[in-house]
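Below is one structure, written out as structure tokens, with a few remarks after it.
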Amino acid sequence: MINNIKKLVKDFSLSELRGGMKITAKELINKKITVQYPEERTPISPRFRGLHALRRYPNGEERCIACKLCEAVCPANAITIESEARDDGTRRTTQYDIDLFKCIFCGFCEEACPVDAIVETQIFDYAFVDSREGSIIDKAHLLEVGDKNEKVINQTKLEDAKYR
Amino acid sequence: MMELWQSFVGLVYELIPWFDGSIAAILIILIKAIALVMPLMLVVAYFTYAERKVIGYMQLRIGPNRVGPKGWLQPIADALKLMTKEIIFPTKANIYLFLLAPILAIAPAIAVWAVIPFDEGIYVANLDISLLYVLAIGSIGVYGIILAGWASNSKYPLLGALRSASLLVSYEIVIGFALVTVVMIAGSVNLNDIVMAQKGSIMHWYWVPLFPMMIIFFISALVETNRAPFDVVEGESEIVGGTHVEYSGMTFAVFFLAEYANMILMAVLAVIMFFGGWHSPFEGVPYMESAFAWVPGIIWLLAKTSFFMFLYLWVRATFPRFRYDQIMRLSWKVFLPWTIAWIFVVALMTQLKIGPWF
């Protein structure tokens with residue numbers, strides 16, 4: 001009986017509704033947590049696996065020796081490699097394509113590479129707008145990404161090295 | 001201000017004397033209508049902006065801030081987008097009814113504003129039955145929604161229209177009874193007279209004796225205008241978008257305008273009925289009354305109205321949607337008995353002359 005009356009008073013005084021509205025009113029003046037993306041970015045882990053890049057040695061020679069381990073380990077068959085012997089007798093790739101539609105960004109290629117040639121960078125906001133062919137990035141593009149971001153790649157790999 | 005308007009009216013009659021001044025009279029009415037509708041549409045546009053901002057803030061976001069400084073041009077961008085979009089007609093839909101529906105929705109929503117008094121003597125029309133006019137014309141708006149549901153030739157809009165019709169029927173009664181108590185105290189159905197009857201102080205306003213009625217009126221207004229937490233007519237998680245599913249571009253925008261115009265109307269009505277219309281809240285308070293005497297009444301009316309409009313957003317940001325049968329229960333088993341009981345309470349209070357209101 002007394003409980004019923006209590007419930008009646010509680011119901012008709014709209015106490016729970018008022019409680020809910022108090023919370024939203026409090027949040028109205030609280031500090032906002034929005035990160036305004038193009039200007040502000042959330043921090044990214046050094047282990048983040050984003051767009052691929054092919055690296056070079058400090059003397060400008062490309063690292064990749066066309067061992068095709070990445071091609072073999074790739075679970076999505078996203079990598080296509082053709083190789084040939086160069087004039088100086090070393091084996092180099094003539095074609096190194098990654099299909100970004102197929103790629104699942106697992107990072108196995110990076111793990112498999114014996115010379116740390118193929119890496120995954122922290123770049124995630126790339127976009128291809130043209131047809132399906134636009135999703136396939138070739139060797140020149142990969143090397144360009146590597147050249148542009150060599151400093152950052154070096155830094156993140158160093159940071160991550162002690163946990164491997 | 002009033003003298004200026006009177007002299008302007010006289011000038012118009014003098015310049016256009018044909019047909020015994022009937023053309024001049026039509027022109028004056030047109031000017032009045034434009035002076036009312038244009039600001040109303042602007043307020044609707046910026047009310048959507050305020051809605052997105054306030055709800056964003058309550059969810060710890062910052063809302064639109066890209067178009068113009070702080071996103072002030074966002075409603076304009078939205079309007080441009082909706083105007084340039086294609087209007088898609090569903091297959092085998094009745095195109096005439098399909099296009100008539102948004103017109104039927106917005107025409108009453110705007111027509112109702114004709115009798116709203118904004119200040120002493122500032123109104124488009126002063127009807128002696130203005131409250132009845134508001135209720136009558138206001139409920140015509142539901143035909144627009146029902147017709148939209150029927151003419152769309154699609155199942156979700158039809159379901160939305162059914163829900164809308166039954167909700168409107170239930171809550172029209174509740175709103176009617178809640179406003180009857182106001183009429184009983186004020187002794188008039190003229191909105192001007194109702195506001196004038198609340199003259200005195202903040203304690204003379206009708207929210208004091210009619211506090212439960214005010215709550216019931218506001219909640220019913222939420223249902224009438226299909227606002228969260230009672231937006232089962234749209235119910236995007238249940239019936240996609242209700243009656244709006246098949247509408248795109250400008251036809252959708254017209255529905256949108258009608259809905260928001262109705263929301264603002266309900267807010268103004270709440271202020272006129274329960275919060276003393278254009279009367280200053282400092283009336284009867286020594287010193288404060290004279291300090292705020294320079295503020296025109298329309299400012300007070302708009303300030304109180306914006307509080308109720310904010311309440312709409314606040315409620316929407318807070319509560320989850322009601323289930324359909326729960327809304328029905330609320331209407332028939334809670335609100336209706338309460339309003340009827342309160343009518344008798346008010347009748348007793350009026351007879352015994354309790355308080356300063358009667």
Side-chain angles (χ1 to χ4, degrees), chain A residues 1-51 100 105 121-132 134-135 148-149 152, chain B residues 50-67 69-71 74 207 211-220 222-223 227-230 306-322 326-327 329-330 333-339 341-342 345:
Chain A
M1 180 66 194
I2 196 84
N3 277 339
N4 281 346
I5 292 172
K6 259 186 195 166
K7 188 179 179 303
L8 212 66
V9 169
K10 207 178 160 195
D11 281 358
F12 277 99
S13 64
L14 307 179
S15 71
E16 303 207 337
L17 299 189
R18 281 187 284 121
M21 289 177 84
K22 209 184 281 175
I23 288 173
T24 38
K26 208 172 68 201
E27 301 299 339
L28 180 72
I29 48 173
N30 268 2
K31 197 177 177 310
K32 304 296 166 267
I33 55 170
T34 305
V35 176
Q36 302 196 44
Y37 161 63
E39 292 94 34
E40 305 166 15
R41 283 159 183 256
T42 44
I44 298 174
S45 157
R47 201 176 279 191
F48 186 87
R49 301 192 296 266
L51 183 66
L100 290 177
F105 298 92
T121 61
Q122 290 185 319
I123 303 168
F124 59 87
D125 46 356
Y126 55 87
F128 32 88
V129 287
D130 40 352
S131 59
R132 197 181 134 62
S135 74
K148 260 188 204 158
N149 301 291
V152 186
Chain B
E51 173 167 31
R52 294 170 67 179
K53 268 292 193 201
V54 166
I55 290 177
Y57 267 56
M58 284 178 173
Q59 295 166 349
L60 290 181
R61 300 181 286 113
I62 50 177
N65 68 341
R66 293 282 140 168
V67 193
K70 293 196 179 291
Q74 184 70 49
W207 68 277
F211 191 72
M213 291 304 103
M214 189 197 75
I215 306 265
I216 287 175
F217 175 78
F218 183 72
I219 296 175
S220 306
L222 289 176
V223 185
R227 288 294 296 178
F230 304 107
S306 33
F307 170 73
F308 274 96
M309 281 154 72
F310 174 73
L311 214 55
Y312 275 110
L313 311 182
W314 194 0
V315 165
R316 181 181 162 189
T318 308
F319 302 125
R321 183 179 302 131
F322 266 57
Q326 286 171 333
I327 304 179
R329 178 187 160 273
L330 191 67
K333 291 192 172 174
V334 182
F335 283 176
L336 202 55
W338 260 92
T339 43
W342 212 260
V345 172

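It should be emphasised that the depicted structure is a prediction, and the values quoted were computed from it without experimental measurement. All chains are named by letter (A, B, ...) in the order of the sequence lines, taking the proteins before the strands, and each is independently numbered beginning at 1.
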* Roughly how far, to the nearest 0.5 Å, is the CD1 atom of A/Ile29 from the CE atom of B/Met58? -> 10.0 Å
* Does a sphere of radius 6.0 Å around CD in A/Glu16 hold more than 12 heavy atoms from other residues, nucleotides or ligands, not counting ones at 6.0 Å or beyond? -> no
* **Exceeds 12 heavy-atom contacts within 6.0 angstrom, atom CZ of A/Arg47** => yes
* Asked: Would the number of heavy atoms belonging to other residues, nucleotides or ligands and lying under 6.0 Å from NZ of A/Lys32 be above 12?
  -> yes
* To do: Any chance you could measure A/Arg18, atom CZ, to B/Thr318, atom OG1, to the nearest 0.5 Å?
  => 13.5 Å
* To do: To the nearest 0.5 angstrom, please state how far the CZ atom of B/Phe319 sits from the CG atom of A/Leu17.
  => 4.5 Å
* Structure fact -> CG (A/Leu14) and CD1 (B/Ile219) are apart, to the nearest 0.5 Å, by 6.0 Å
* chain A heavy atoms under 4.5 Å from B/Phe211: which part of the residue, side chain, backbone, both or neither? -> neither
* Structure fact -> Between the CD atom in B/Gln59 and the OG1 atom in A/Thr34, the distance rounded to the nearest 0.5 Å is 10.0 Å
* Within 6.0 Å of CZ in B/Phe307, more than 12 heavy atoms from elsewhere -> no
* **Contact class of B/Ile55 relative to chain A, heavy atoms under 4.5 angstrom** => neither
* Structure fact -> Between A/Thr24 and B/Trp314, the two heavy atoms sitting closest are OG1-NE1, 3.0 Å
* To the nearest 0.5 angstrom, please state how far the CD1 atom of B/Ile62 sits from the NZ atom of A/Lys31. => 10.0 Å
* Asked: What part of A/Ile23 lies closer than 4.5 angstrom to a heavy atom of chain B: side chain, backbone, both or neither?
  -> neither
